[in-house]
Amino acid sequence: MQCPKCSSEVRDIARFCRRCHATLRYECPSCRHEQRHGGTCDKCGVNFLKYVAAVVSAKQADADVIHERIERRSSLLANVLVLPFTVGIPLMRKFLAAKSKKGGS
Ligand SMILES: [Zn+2]
Ligand SMILES: [Zn+2]
């Protein structure tokens, strides 16, 4: 086949033109269909640029959620670490008081 850009002879299976590096094959990011032109997929009609942009923004949203989760977890961890001091000591005092009362009677 011929390169549509520089008209040099290129192999049929070539993904890029060896001479001008023009893209000769486009792979649909959604259904993996390969075609000679970019833009939209012949098979599933997905717009390549829009699809890639959507995937990237979705990944960013995922990263934000993960970040939020880590922050929540660390604040939970802080609560757990503080718990023995805020709840544990009064409980222990009660427990000891009850024990000493029992021992006294
Ligand atoms: Zn070319
Ligand atoms: Zn497709």
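One is the number of the first residue; the rest follow in order along the sequence.
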Check your understanding: Is there a side-chain contact between Arg25 and Ile13, using heavy atoms and a 4.5 Å cut-off?
Key -> yes
Review point. Can you tell me how far the CD atom of Gln35 sits from the NZ atom of Lys43, to the nearest 0.5 Å?
Key: 11.0 Å
Point to revise | Side chain proximity check, Val10 to Arg19, heavy atoms < 4.5 angstrom | key: no
Check your understanding: Is it the case that more than 12 heavy atoms not belonging to Met92 sit under 6.0 Å from its CE atom?
Key -> no
Check your understanding: Are Tyr26 and Val55 linked, directly or through other ILVMFWY residues, by side chains that come within less than 4.5 angstrom of each other?
Key -> yes
Review point. Under 4.5 Å between any side-chain heavy atoms of Cys41 and Cys31, yes or no?
Key: yes
Review point. What heavy-atom pair brings Tyr51 and Pro29 nearest, and what distance separates the two atoms?
Key: CD2-CG, 3.4 Å
Point to revise | Any side-chain heavy-atom pair of Cys17 and Ser8 under 4.5 Å | key: yes
**Study point:** Arg36, CZ: over 12 other non-hydrogen atoms inside 6.0 angstrom
**Key:** yes
Exercise for review: Check the pair Asp42, His37 against side-chain contact (heavy atoms from CB on, under 4.5 Å), reporting the backbone distance first and the verdict last.
Suggested key: CA-CA 9 Å; Asp42 282 345; His37 64 90; 3.1 Å; yes
Exercise for review: Report the distance from atom SG of Cys6 to atom CZ of Arg18, rounding to the nearest 0.5 Å.
Suggested key: 11.5 Å
Check your understanding: Would a 4.5 Å heavy-atom cut-off, applied to side chains only, mark Glu9 and Gln2 as touching?
Key -> yes
Review point. Are Leu24 and Pro4 close enough that some pair of their side-chain heavy atoms sits under 4.5 Å apart?
Key: yes
